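A short write-up of the structure that comes next.
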Amino acid sequence: MTKEIEKKWQKRWDDAKLFQSDPNEKEKLFITVAYPYPSGAMHIGHGRTYTVPDVYARYKRMQGYNVLFPMGWHVTGAPVIGIASRIRDKDPWTLELYEKVHKVPKEELPKLIDPEYIVKYFSTEYHNVMSDMGYSIDWRREFRTTDPSYKKFVEWQLKQLKAQDLVKKGNHPVKYCPGCGNPIGDHDLLEGEGATINELTLLKFEIDGKYLVPATFRPETIYGATNLWMNPDVSYIEVEKGGDIKEKEGMKEDKNIEKEGDMEGDREIWIISEKSYNNLSNQFKDLKKLGNINPKELIGRFVKNPVTNTLHPILPASFVDPEYGSGEVFSVPAHAPADYIALQDLKNNLKLLEEYNLGKIVSKIEALNVVTLKRYSEIPAKDVIEKLQVKSQEDPKLEEATNELYKVEHSKGIISEHIPDCAGERVVDARESIKEKMIGDDLAEVMYDFSAHPVICRCGTHGVVKIMDNQWFLKYSDEDWKVKTRECLAQENIIPPEIRSNFDYYIGWLEDWACSRRIGLGTKLPWDSQWLIEPLTDSTIYMAYYTIAKYIKTMDPDILDDEFFNKVFLSEINENDSLSDEVKQIKEEFDYWYPLDWRLSAKDLVGNHLSFHMFHHATIFPKNKWPQGMVVFGMGLLEGNKMSSSKGNVILLSQAIEDYGADVVRLFLMSSAEPWQDFDWREKEVIGTKRRLEWFSEFADKIKEIKGANININNIEEVPLEREIDKWMISQLNLRIKDATIALESFQTRKALQDSFFLLKKDIDHYMYRTKHLIETKDSAVIYALSTVLKTWIKILAPFTPHTCEELWNTHGGEGFVIEEQWPIFNEDLIDVKIEKSEEIIQNIVKDIKHINDLTKKDAEKVHVYTAPEWKWKVYELADEIGKPDIGQIIGKSIKTNLNDNKKELSEFAKKITREMTKTKYVGKVDEIAILNNAIEFISEESGAEIIIHEDNSYDPKNKSKHAIPYKPALYIE
RNA sequence: GCGGGGGUGCCCGAGCUGGUCAAAGGGGACAGGCUUAGGACCUGUUGACGCAGGUCUACCAGGGUUCGAAUCCCUGCUCCCGCACCA
């Protein structure tokens, strides 16, 4: 039933072309949300992301804006290539994922061996589910990022950047699988997820004209080296470096290329572990394998320290990992707990000392201090080992000791006085300068390694760090560009505001970005066709493309040259231009919609997509075309756990629509959290949402029942309202409209619904409960109030639950589409705090009577009510004017204005009011007698007692009337 | 480490430009009403104490500012997120 209704309205909107937005005389609003990368089916997390802009778009249309809400598909990139090949290889994990989680039908599955088919299949899936959700998208502008005309657009953009000298050539390390011959991301890994690439410095220790090349994070500790470690049980090899220089050609082409050590060096022979060759050969491409070396022949011999020129012995150590670095370690016992303890172990290992005849050498080794630390001795490694009671090389606490010391030295360490050149410098600074100097003097090289081993590709091969060279980069490090981008940020609205400092941070932090790739779907670099444009780079200013997509999609791509895009996007129209009518129209459309008003996107894209978006707009477009606003989204949880397709912890959006209907899904997603917060899909609460929406649908029937006739919201019979409770209902309605409107203005969908749906529903419940004794009488004021509420309510909820609202609108006499109605405008005059107060007074009296009944364990038969006399109101007003609970002032002024002859009574009450005024806000005098009389039936019914309202205290046996306070009548219960 | 954001009642979560906050709303639990019955709906209870509408203790911990702090300031503890070549 629900489904039919939803389909019906979707078709009617479509037939009426409601969401096809073209330039007109109205004020425009252009909103986009990150276009999806369709490599899988849409789940409820995506549902939230795309519902928010739809709600906002619908809301703004009702406010009279001409809203453009388009959608496209970001299909460029590498992941689908991997997915396709895994499906081709019948990888069981992938097959199960696509069959069970993404629910791809059996007959479609084999077709997913084609990456193009994958994105086609899922972008169609996305399109269909978005339609089922009722999104108000202008589908005429739909496109994929592999469309020929889009490629032309991307090419134009890159050429713009190149012309502005914002593109350069360089090298970059990536995770790489030698087996597949491709770079690999985390999602391509069997093992080693989360491993990062660390930069190490490889130092050259000379022996016989060859080099041992241990790598380190801490080149400054070279001054504290005492020996080298090699693992006698590992195979080592000799490699020739720098013999072949054919790769130097690239440098001639581009003089801007940074000086790279591995290209400069002369021919050298290095000794490294056989296992590290795999990794190093991908970073130094001029590395050539020579012969094997027996480490046992080297142990006991001496190498030369590249900086101090001292000679260090080579010693055996089992802890040396042949896969890490070069499979060699230089030992700094003063500052590395592992080295310190390994040395201790060796000193005590007489057998080993004898085997290599090392006794004399080892006994002479003394730890050398490099770094001074407060509260540590000259040999901090020893301090830490003793503190944590590390027993041996094998002790697991050794790692903890190492981490602790590395951290402290990094953050607090100062280079000791006896170290030449950098004495007194902070460790962080000295580390950089020493590294730079050594590299400059050809005494060191930069190398990369994973933070954790092993890293294994899905194909089973061990991954390596490969230097991709002759890469193209966008110069996000360029200071002028950063300045412009910050300007762009400064003029944007950022929601939530806390994110602004994040953006600022990222703009500063971003360095040059590799914008070219070897594999994936995408556009070729216009000036270097061996490279594809990286998929974040091709999606920075695509919002501009939406504005003209409906025209250029069908145009011959050859026409779409630089001149065309320059005219459309960058030129000012003037009389002399000989633009064709077509180009002119396209340009006018772009100028109408741009700048973009709102860009919505997920939180994790702040550091890349969204920042790039600002970078590119800032440099390509003039200021008046810069984006105006950004809304950043939180994540989705499922029953408290993080949603993840790859772990199977998702509910597909199509499934949710099937189970609950689009409107329930929309309502839940919009009401359970604000867009930037994480929402949690809990089935129990979804069901609760469903019930409440049903209640809303049935509300009209309830009114009909009271009225005993059909309601026609187009023709509500107006009745003047006399009773407070009826005015109260209208007051609440206006209050809820007001709060919801303000909330929606800043995308607070949750607050908007909280006010306009959940709290308003409570108000209605209350009102109907409160007027239940009137309902049988077909009270015309009640019917009027409820009908008015219904009519407004349907409108307010229309952006959230559009199908339900259209249906209700349609079946209760509404004309046309409800989403074409004017958004309700609240009437400030009808929001009356005094009315609210009077209802509070009634509720409090009922509560108090019940409370007293409970305490006295008796049921009241008669309740006498006494209201506060005039002078007490005056005192309250006076206190309110003073504004703070200053008893002296309140009493003083009260006496001065002669409010009561009985000074004692006056001061007693003044004391009371100082306490009261911090609890209850003074909103002006209300006619308590009238209020009470209007509610006397209700109070009597609720309390089960006879209510007697006294205008004076002629009957007051227990002298209770003196307790009466404004807003708080005194009670005497019999 | 760098950067950002948090810690609220059984749970989730609002409030946080200081007083109307014992603290919204939802979920759960309990009681009552409606009803043949109810997981549906409505009403109420859900920190402690109190035989007259009140009092006390409370918003991570400790300190401070203030007539007054969940809300402002300092200190500590603790949790979450991002840190790149990837959408």
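The chains referred to below are lettered A, B, ... by the order of the sequence lines, with proteins before strands, and numbering in each begins at 1. All heavy atoms count here, side chains included; hydrogens, waters and symmetry mates do not. A quick note: this is a predicted structure, and the numbers were derived from the prediction, not measured.
Note on Ile973(A): a base of the nucleic acid sits closer than 4.0 angstrom, heavy atoms only. Nucleic acid contact for Tyr922(A): none, since no nucleic acid atom lies under 4.0 Å from a heavy atom of the residue. Among the atoms of the strands shown, none is found under 4.0 Å from any heavy atom of Lys751(A). At a threshold of 4.0 angstrom between heavy atoms, the contacts of Asp765(A) are confined to the sugar-phosphate backbone, with no base atom among them. Within 4.0 Å of Lys761(A), counting heavy atoms only, lie sugar-phosphate atoms of the nucleic acid but no base atom. Ile499(A) comes within contact range of no nucleotide atom at all, as no heavy-atom separation falls under 4.0 Å. No contact: Ala673(A) has no heavy atom under 4.0 Å from any strand. In this structure, Gly607(A) reaches neither bases nor backbone, as no heavy-atom distance under 4.0 Å exists between it and the strands shown. Across all strands shown, Pro969(A) has heavy atoms under 4.0 Å from base atoms, whether or not it also approaches the sugar-phosphate. Among the atoms of the strands shown, base atoms are found under 4.0 Å from some heavy atom of Tyr505(A). Gln677(A) comes within 4.0 angstrom of sugar-phosphate atoms only, judged by non-hydrogen atoms across all strands, and of no base. Here Arg692(A) lies in heavy-atom contact (under 4.0 Å) with sugar-phosphate atoms only.
Tyr769(A) and Phe938(A) have perpendicular rings, their planes meeting at more than 60° on a 0 to 90° scale where under 30° would count as parallel.
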Strictly under 3.5 Å: I want the nitrogen or oxygen pairs between protein and nucleotides 49-51 of chain B, one per line.
| from | atom 1 | to | atom 2 | distance (Å) |
| --- | --- | --- | --- | --- |
| G50(B) | N1 | His851(A) | NE2 | 3.4 |
| C51(B) | O4' | Leu855(A) | O | 3.2 |

Output a table of nitrogen or oxygen pairs between the protein and nucleotides 28-33 of chain B separated by less than 3.5 Å.
none

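By the salt bridge (Lys or Arg N to Asp or Glu O under 4.0 Å) test, Arg691(A) pairs with no residue at all, sequence neighbours left out. Partners of Ser671(A) under the side-chain hydrogen bond (donor to acceptor under 3.5 Å, both in side chains) rule, at least two apart in sequence or in another chain, do not exist in this structure. The side-chain hydrogen bond (donor to acceptor under 3.5 Å, both in side chains) test applied to Tyr406(A) returns no partner, not counting sequence neighbours. For the salt bridge (Lys or Arg N to Asp or Glu O under 4.0 Å) test, residues two or more places apart in sequence or in another chain that qualify with Lys837(A) are Glu840(A). By the side-chain hydrogen bond (donor to acceptor under 3.5 Å, both in side chains) test, Asp765(A) pairs with Lys761(A), sequence neighbours left out. Shown here are the salt bridge (Lys or Arg N to Asp or Glu O under 4.0 Å) partners of Lys850(A), two or more places apart in sequence or in another chain: Glu942(A). In this structure, His43(A) has no side-chain hydrogen bond (donor to acceptor under 3.5 Å, both in side chains) partners at least two apart in sequence or on a different chain. Applying the salt bridge (Lys or Arg N to Asp or Glu O under 4.0 Å) rule to Arg736(A) yields the partners Asp763(A); only residues at least two apart in sequence or on another chain are considered. For His616(A), the ring-ring contact (aromatic ring centres under 6.0 Å, His included) criterion is met by Tyr476(A), Trp481(A), not counting sequence neighbours.
One finds no side-chain N or O of Trp509(A) lying less than 4.0 angstrom from the OP1 or OP2 phosphate oxygen of G82(B). Contact between the side-chain N/O atoms of Lys847(A) and the OP1/OP2 oxygens of G54(B) is not found at any separation under 4.0 Å.
Under a 4.0 Å N-O distance rule, the pair Lys751(A)/Asp755(A) qualifies as a salt bridge.
When rounded to the nearest whole Å, the span between CG of Asp680(A) and P of G25(B) equals 21 Å. The separation between Trp681(A) atom CH2 and G26(B) atom C1' is 15 Å, rounded to whole Å. What separates NZ of Lys603(A) from P of G3(B) is a distance of 19 Å, to the nearest Å. Here C12(B) presents its P atom at 17 Å from CG of Leu638(A), a figure rounded to the nearest Å. Look at OH on Tyr406(A): it is 17 Å from P on G1(B), rounded to the nearest Å.
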(request) At under 4.0 Å between heavy atoms, which parts of nucleotides 19-24 of chain B does protein reach? Answer with one letter per nucleotide, 5' to 3': B base, S sugar-phosphate only, - none. (result) BB---B
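As the counterpart of A24(B), no nucleotide is assigned, since no Watson-Crick or G-U wobble pattern has both distances under 3.5 Å. Using Watson-Crick or G-U wobble geometry with both donor-acceptor distances under 3.5 Å, G1(B) finds its partner in C83(B). With a 3.5 Å ceiling on both atom-pair distances, A70(B) lacks any Watson-Crick or G-U wobble partner.
Taking the nucleotide of RNA chain B with the nearest heavy atom to each of Glu498(A) and Lys850(A), the more 5' of the two is matched to Glu498(A). Nearer the 5' end of RNA chain B, as judged by each residue's closest nucleotide, is the contact made by Tyr506(A), out of Tyr506(A) and Thr76(A).
Sparse packing is recorded around CD of Glu861(A), with 12 or fewer heavy atoms of other residues, nucleotides or ligands lying under 6.0 Å away.
Cation-pi geometry between Lys475(A) and Trp513(A) is not met at under 6.0 angstrom from the ring centre and within 45 degrees of the axis.
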